[in-house]
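First comes the structure, then the notes that go with it.
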Amino acid sequence: MRVPTSQHCLGPNVYPEVPDGGWGWAVAVAFFLVEVCTYGTIKSLGVFLQDLMEEFQESNSRVSWVISICVFIFTFTAPLSTFLSNRYGYRPVVMIGGFLISLGTITSAFTNSINEMYITLGVVSGLGYCLTFIPTLTILAQYFSRRRALVTSAASSGESFAIFAFAPAFTILKEHIGWRYCLVILGIIQSSVIGCGVLLRPIIIRPEPMKEDSESAKEPLSLKQLQTVYEMENEQTRTSISSGVSQGSEDSGVTSLSASNVDLRTTGTETKALLAGGEQDKEGQEQSLSTSPTPVKEKDEGEQANVEAGPLQPSSPKLLDFSVLKDGAFIWYSLFGLFATLGFFAPQLYIIELSKSRGVEPSMASYMLSVIAVAEIFGRLSIGVVLNKVRCRKTLVLLCCVVLMCLVLVAFAIVWEFWGLVVCCALYGYFMGTIGSTHIPMLAEEDVVGIQRMASSVGVYVFIQSFAGLAGPPLGGVLVDITQNYGAAFYSCAAGMGLSAICLAMVGPAKSGMCQRRNRNEEKRPEEEKKMSQDSDQSDFLEVDIAPEDSPARQADLDKDKASVV
């Protein structure tokens with residue numbers, strides 16, 4: 001695939017079509033590192049849960065609000081991230097987000113109360129997570145089409161690698177240098193996101209210009225072109241007849257029609273010129289009527305959109321678009337994301353304490369997060385391969401994973417022995433990988449909203465998730481404080497995941513209903529156009545045949561018939 005040269009090494013990439021690779025691989029690496037520093041970090045903070053409780057003398061629910069506020073700001077400000085990305089571009093937004101992430105984590109190490117940590121780690125870092133994650137995921141989806149599911153799943157495994165590495169590493173490290181210096185080291189690692197923002201080169205799809213008609217001029221005219229020329233000359237014939245009748249001219253126009261038919265069978269140059277001229281006349285008439293845009297106009301607007309905003313945005317994209325809320329399928333899918341978020345963060349936050357309460361040694365309990373991380377890697381990679389080959393609706397595959405994950409969350413509250421928890425962690429990690437890596441990129445599929453509307457819908461979708469992200473960890477903490485059983489937190493996660501499965505099951509019927517209504521509207525239009533064309537054809541023949549008997553046109557026809565009889 002030939003790629004035109006960019007203005008400079010970090011300028012926009014111009015492709016004739018979606019590359020399914022190219023610079024997209026660099027963007028995938030950037031997204032991998034962003035996953036490490038965003039979701040991977042958030043889900044690893046459970047390592048410091050007990051330390052924060054002892055340091056600030058707070059309860060589970062109070063400390064869990066740190067994670068909750070961070071997740072809420074992360075998701076609630078998603079429309080702001082979309083607005084800024086469309087206004088200023090992806091690169092500066094991600095770089096600013098990387099700076100905020102590092103700033104919030106480092107300053108959290110010097111807080112003196114849990115309320116201060118709500119601001120530093122919750123608000124500042126949470127805003128940085130949003131400004132970093134959403135734009136990177138959006139531009140990655142633009143670089144890939146056929147391999148989109150596989151690449152996004154593989155790149156999102158950075159979250160799993162982060163949990164696998166951070167959980168045991170910080171568990172050991174905090175015993176030597178304390179949890180505060182661990183946060184400083186974590187903030188320094190997160191500053192690498194600023195460099196990831198540099199890699200986010202915009203993509204522009206600029207189709208190659210059509211070749212000249214030098215070769216096509218040698219080819220015979222198609223039936224549609226012949227019909228178009230005939231209609232144009234028929235129009236000229238009617239004009240000549242009318243002028244002949246009104247002015248008494250001897251030229252009726254019938255001779256011109258006959259001559260052009262002969263030329264069509266012998267030569268093509270004059271006909272093509274006439275066809276081009278007729279198309280220009282027709283275009284001028286349609287533009288003057290201003291009833292609907294002409295094909296040429298649509299093409300020009302499409303090329304302008306590709307040059308200015310890339311392949312996946314309209315010619316004048318809205319900075320913030322909530323029109324997707326009118327889409328029934330998107331509403332049900334957003335409700336799925338809302339309830340599913342209840343089970344995204346609480347298990348990682350409480351799995352270590354749950355294991356300790358079930359008799360697992362503290363040194364071994366931290367490895368439960370590593371088991372989840374390893375299984376999550378396999379889940380992300382396998383779901384990418386499956387979605388790349390499956391022929392049915394991809395939302396159905398996601399639905400099966402959600403139902404199975406709900407059952408696993410219930411099993412957490414039942415099992416007690418070490419190996420039972422290990423199996424539950426492995427299954428949870430696997431299905432968490434399948435859901436976590438696909439639920440946002442799934443917006444780009446036609447099963448939900450499609451790639452054309454993903455840029456505007458992803459911010460709204462994540463915004464709706466924010467309310468469950470705010471309520472999930474504290475709800476689990478309240479249940480733990482009331483029941484004195486960490487397994488109670490997993491019941492709330494299972495309930496939310498069950499509700500999300502019901503909402504996800506409604507996406508397909510909602511989408512089918514919309515498609516059926518759209519198809520019925522489209523079927524009515526061709527019938528009306530066909531009826532109008534039949535009426536116009538009848539009027540064409542009538543206009544030719546109803547010429548007066550004493551007109552020059554009628555006299556010329558009679559003379560021609562007599563000559564043919566002789």
Side-chain angles (χ1 to χ4, degrees), residues 24 27-28 30-42 70-101 104 123-144 148 151-153 155-156 158-159 190 193-194 196-203 309-310 312-313 317-322 324 330 333-334 337-338 341 344-345 436-444 448-449 451-470:
V27 178
F31 183 64
F32 178 89
L33 296 177
V34 168
E35 280 275 0
V36 170
C37 299
T38 54
Y39 276 112
T41 301
I42 294 175
C70 181
V71 174
F72 174 74
I73 298 297
F74 183 0
T75 52
F76 185 80
T77 56
L80 175 63
S81 177
T82 302
F83 174 85
L84 295 176
S85 299
N86 291 334
R87 179 66 178 84
Y88 301 105
Y90 297 106
R91 183 176 294 153
V93 173
V94 173
M95 295 177 70
I96 293 174
F99 172 76
L100 292 177
I101 292 174
V123 177
V124 178
S125 292
L127 180 60
Y129 291 147
C130 179
L131 297 181
T132 299
F133 180 81
I134 300 298
T136 309
L137 176 60
T138 302
I139 195 171
L140 178 63
Q142 296 178 4
Y143 269 95
F144 293 90
R148 184 184 300 125
V151 173
T152 53
S153 299
S156 64
E159 170 189 336
Q190 290 175 323
V193 176
I194 300 175
C196 296
V198 180
L199 298 176
L200 302 183
R201 298 174 63 178
I203 179 174
L312 308 171
Q313 298 176 359
K318 296 181 180 180
L319 297 180
L320 191 58
D321 186 10
F322 283 91
V324 291
F330 176 78
Y333 195 81
S334 298
L338 175 68
T341 306
F344 282 174
F345 300 97
S437 63
T438 57
H439 74 104
I440 295 180
M442 189 72 71
L443 291 168
V448 188
V449 296
I451 186 61
Q452 297 294 338
R453 304 176 68 187
M454 180 185 178
S456 60
S457 64
V458 64
V460 181
Y461 171 72
V462 178
F463 167 78
I464 295 175
Q465 281 186 286
S466 63
F467 300 99
L470 179 66

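- Within the 4.5 Å cutoff, the side chain of Y90 has no heavy atoms near those of the R201 side chain.
- Counting only heavy atoms from C-beta outward, the side chains of P202 and R91 approach each other to under 4.5 Å.
- Distance check, rounded to the nearest 0.5 Å: CD of Q465 to OG1 of T341 gives 3.5 Å.
- Here the straight-line distance linking atom CD1 of I101 with atom SG of C70 works out to 9.0 Å at 0.5 Å rounding.
- Summarising the geometry of H439 relative to Y333, their closest heavy-atom pair is O-OH, 2.5 Å, with the distance given to 0.1 Å.
- Nearest heavy-atom pair, L140 versus A155, reported as atom, atom and distance to 0.1 Å: CD2-CB, 4.3 Å.
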Practice item. Would you sort out whether F330 and V460 count as a side-chain contact (heavy atoms from CB on, under 4.5 Å), showing the intermediate values? Key: CA-CA 10 Å; F330 176 78; V460 181; 4.0 Å; yes
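- The shortest heavy-atom contact between S153 and T438 is OG-CG2, 4.1 Å.
- For the residue pair I139 and V27, the shortest heavy atom distance occurs at CG2-CG1, 3.8 Å.
- Judged purely by atom type and a 3.5 angstrom limit, S156 has no side-chain atom pairing as donor or acceptor with the backbone of F32.
- T138 is not listed as a side-chain neighbour of T82, based on a closest heavy-atom distance of 4.5 Å or more.
- M442 places none of its side-chain heavy atoms less than 4.5 Å from the side chain of Y461.
- Put simply, OG1 on T38 and CD on E159 are 7.5 Å apart, with the number rounded to the nearest 0.5 Å.
- Heavy atoms only, all atoms of each residue included: S437 and P441 are closest at O-CG, 3.5 Å.
- Classification of the F74-Y129 ring pair by plane angle, with boundaries at 30° and 60°, yields tilted.
- Contact annotation: the side chain of I194 approaches that of M95 to within less than 4.5 Å [non-hydrogen atoms, C-beta and beyond].
- To the nearest 0.5 Å, atom CG of residue L200 and atom CZ of residue F31 are 11.0 Å apart.
- Rounding to the nearest 0.5 Å gives a distance of 10.0 Å between OG1 of T136 and CG of L199.
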Exercise for review: Go through Y88 and I96 one step at a time and tell me if the side-chain contact (heavy atoms from CB on, under 4.5 Å) criterion holds.
Suggested key: CA-CA 12 Å; Y88 301 105; I96 293 174; over 6 Å; no
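- To the nearest 0.5 Å, atoms CG (L84) and OG1 (T77) are separated by 9.5 Å.
- Minimum heavy-atom separation, L100 to G128: CB-CA, 3.8 Å.
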